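Have a look at the structure below, then the notes.
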Amino acid sequence: MSSQAIALVDCNNFYVSCERLFQPWLENRPVVVLSNNDGCVVARSQEVRALGVKMAAPWFQLKALARQHGIIAFSSNYTLYADISNRVMNVLASFSPQQEIYSIDECFLDLSGFKHIQFSDYGQRIRATIKQWIGLPVCVGIGASKTLAKLANHVAKKRPEYVGVCDFTNLPVAVRETLLAQIDVREVWGVGARTAEHLSRMGIVSALDLQRAAPKIIRAQFGVVLERTVAELNGEACLALEMITPPRQQIMVSRSFGSAVYTLESLQQAMTAYVTRAAEKLRRQASLAGALQVFIRTSPFKTDAAQYQRGLVVPLASPTEDTRQLVSAAQAGLQQIYRPGFAYQKVGVVLTGLIPMAQRPRTLFDDPVAQARSNALMSTVDSINAKMGSHSVRLLGEGWDKNWRMRRERVSQHYTTQLDEIAIVHAQ
DNA sequence: TCTGGGGTCCTAGGACCC
DNA sequence: TCTGGGGTCCTAGGACCC
């Protein structure tokens with residue numbers, strides 16, 4: 001019996017479940033949530049999966065199917081989902097002192113010290129609590145490593161006989177291996193389409209095949225990352241629980257436009273908005289950017305239109321977290337790569353060369369007064385926007401008309417974060 | 001109007017410099 | 001004149017995840 005026990009708790013079709021929370025009539029109906037710009041399907045209810053709709057399927061291609069089966073679609077309402085996510089994570093934190101919030105809808109919990117508890121009972125308690133307190137369905141997988149916990153969660157989701165909880169640490173080896181033999185290797189965390197294809201040429205098609213693969217050969221063909229996955233499948237925990245998110249090494253913000261954009265002015269406005277958002281993320285993780293990269297591109301899908309795409313790295317004189325400096329550097333870069341006459345579909349910015357604020361380099365030309373003013377301004381702006389809603393205070397460069405903004409035609413209300421849209425309860 | 005997401009990390013190759 | 005290694009930066013693209 002291994003010493004480690006890690007649980008992965010994952011919300012079922014999270015975005016769809018959030019919408020159902022406030023619109024119970026959506027239960028048992030086919031529901032999808034669309035990506036930004038109402039472009040692709042990013043969350044599907046069980047009923048929609050049963051219709052064969054794939055993750056990331058373009059929505060416009062599904063219109064006929066949607067009409068035929070009455071699929072109900074929502075634009076993504078990230079404000080709502082983030083708020084519900086925080087509530088779920090807070091409750092889950094009470095089930096273990098060690099929690100890693102891995103994404104908006106899933107977290108790892110370290111259960112290693114829990115000697116006198118039946119993990120599957122504990123998993124059921126987690127499920128019942130989240131259902132009762134928040135109203136969302138979740139599944140729980142438990143394994144000796146993160147990768148095994150992920151796979152156990154997959155079993156908990158796919159096989160009704162497990163009733164939403166699967167504990168690999170307490171299954172007879174033969175049973176577990178039978179399960180792994182029935183799981184496509186593509187379902188293993190870290191194995192994507194390309195790797196799966198390569199693996200299948202080597203005769204490795206199931207999760208069990210990968211577990212039994214020779215680590216040396218895997219390393220030679222795919223590198224250390226997949227070698228680690230093999231070790232993890234064998235119960236050797238290589239990936240530590242990260243209770244504190246390590247700072248990102250790059251921060252990107254980009255969006256597709258609701259409709260094509262032609263003018264430099266509109267691109268500049270969008271760029272200002274995206275750099276502003278990137279700078280907020282930068283300050284939140286207490287980093288400075290040493291350089292930034294701007295890019296623009298036309299739509300690769302419009303093959304009959306003239307194509308253009310270009311990126312450019314703009315070094316910063318000294319690493320900074322000041323929105324104004326980042327915006328002006330980005331605008332200088334954008335000016336250089338912009339070419340008139342193209343139908344632009346997207347612009348974006350990537351902040352790179354990130355270092356911790358605590359390591360701000362000192363130079364002969366430092367201006368402590370200006371630095372103090374910048375810090376005061378940025379933290380004031382951040383706290384106002386945190387309190388009053390993002391973009392309450394913003395640079396004029398974002399413009400007013402925003403003809404570049406994304407399409408969101410089917411967005412639900414901000415039930416929990418905006419007083420005038422709050423959920424209303426009717427008495428019978 | 002006219003529809004195709006957003007984000008992180010890594011690597012390869014070329015340019016340039018020492 | 002030709003040859004060489006190594007490092008860094010930029011750019012583009014791959015792979016993966018949600």
Side-chain angles (χ1 to χ4, degrees), chain A residues 8 10-16 32-44 54-64 66 73 75-76 78 81-82 85 101-107 146-147 150 153 185-199 222-226 228-229 239 245-261 274 277-278 281 285 290-295 297-303 305 309-316 333 336-337 343 345-354 403-410:
Chain A
L8 177 73
D10 189 324
C11 301
N12 303 357
N13 3 328
F14 180 60
Y15 298 166
V16 169
V32 295
V33 174
L34 305 176
S35 66
N36 277 334
N37 233 7
D38 294 347
C40 299
V41 171
V42 292
R44 305 156 292 161
K54 296 259 160 52
M55 180 68 171
W59 172 236
F60 79 96
Q61 288 178 354
L62 297 172
K63 284 285 169 69
S75 301
S76 35
Y78 287 113
Y81 310 149
S85 174
I101 299 174
Y102 175 68
S103 74
I104 194 164
D105 71 332
E106 58 191 300
C107 77
K146 284 179 163 182
T147 305
K150 276 264 195 186
N153 189 282
V185 71
R186 177 73 178 76
E187 302 297 335
V188 175
W189 194 31
V191 177
R194 295 302 292 266
T195 305
E197 196 186 317
H198 187 168
L199 284 170
F222 301 91
V224 285
V225 177
L226 199 65
R228 214 175 286 147
T229 300
L239 304 171
T245 315
R248 300 269 165 252
Q249 292 172 32
Q250 54 173 241
I251 293 171
M252 169 159 98
V253 176
S254 76
R255 297 280 180 277
S256 298
F257 300 124
S259 53
V261 162
Y274 303 163
R277 177 77 192 108
K281 291 189 190 181
Q285 70 165 31
L292 58 78
Q293 183 183 357
V294 294
F295 64 89
R297 68 158 214 225
T298 54
S299 171
F301 296 105
K302 294 191 172 158
T303 45
Q309 76 173 82
R310 188 129 185 242
L312 181 70
V313 171
V314 186
L316 293 155
Q336 281 190 57
I337 59 178
Q345 182 234 358
K346 182 182 254 197
V347 304
V349 63
V350 187
L351 304 182
T352 57
L354 306 191
N403 59 13
W404 44 269
R405 75 180 176 282
M406 59 194 187
R407 214 189 334 270
R408 291 177 86 200
E409 290 171 350
R410 303 151 174 278

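Predicted, not measured: the structure shown is a model, and the values here were computed from it.
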A/S254 side chain: which of B/dG7, B/dT3, B/dG5 is closest? B/dG7

Quick check: do A/N153 and A/E106 have side-chain heavy atoms less than 4.5 Å from each other? no

Spacing of NZ belonging to A/K54 relative to SG belonging to A/C40, to within rounding of 0.5 Å: 14.0 Å

Spacing of A/K54 atom NZ relative to B/dG5 atom P, expressed in whole Å: 18 Å

Within the 4.0 Å heavy-atom criterion, would you say A/L312 contacts the bases, only the backbone, or no part of the nucleic acid? sugar-phosphate

Give A/Q293 one of three labels, base, sugar-phosphate or nothing, depending on what nucleic acid heavy atoms sit under 4.0 Å from its own. nothing

Nucleotide forming a Watson-Crick or wobble pair with C/dC18, both distances under 3.5 Å: B/dG5

Rounded to whole Å, the CZ-C1' distance (A/F257 to B/dC2) equals 17 Å

Which is true for A/Y102 with a 4.0 Å heavy-atom rule: it touches a base, it touches only sugar-phosphate, or it touches nothing? sugar-phosphate

Using heavy-atom distances to pick each residue's nearest nucleotide on DNA chain B, tell me which of A/S259 and A/S256 is more 5'. A/S259

Note: for A/Q61 and A/Q250 on DNA chain B, the residue whose nearest nucleotide lies more 5' is A/Q61

Within the 4.5 Å heavy-atom criterion, are A/T229 and A/F222 side-chain neighbours or not? no

How is A/V191 classified with respect to the nucleic acid when contacts are heavy atoms under 4.0 Å: base, sugar-phosphate, or nothing? sugar-phosphate

Heavy atoms under 4.0 Å, any strand shown: does A/L34 hit a base, just sugar-phosphate, or nothing? nothing

Would you find a donor on one side and an acceptor on the other, under 3.5 Å apart, between the side chain of A/R44 and the backbone of A/N13? no

Touch class at under 4.0 angstrom, heavy-atom based, for A/V313 against every strand present: sugar-phosphate

What is the distance, to the nearest angstrom, from the CZ atom on A/F60 to the P atom on B/dT3? 7 Å

Could you tell me whether A/W59 contacts a base, only the sugar-phosphate backbone, or nothing, with contacts defined as non-hydrogen atoms closer than 4.0 Å? nothing

What is the nucleic acid contact for A/D105, judged by heavy atoms within less than 4.0 Å: base, sugar-phosphate only, or nothing? sugar-phosphate

In whole angstroms, the gap separating P of C/dC17 from CZ of A/F14 amounts to 20 Å

If pairing means Watson-Crick or G-U wobble with both distances under 3.5 Å, then the partner of C/dA12 is B/dT11

Identify whether any heavy atom of A/A43 sits under 4.0 Å from a base atom; if not, whether one sits that close to sugar-phosphate; answer base, sugar-phosphate or nothing. nothing

Say you draw a straight line from OH of A/Y78 to OG of A/S85; how long is it, rounded to the nearest 0.5 Å? 12.5 Å

On a whole-Å scale, what distance lies between the C1' atoms belonging to C/dG4 and B/dC16? 16 Å

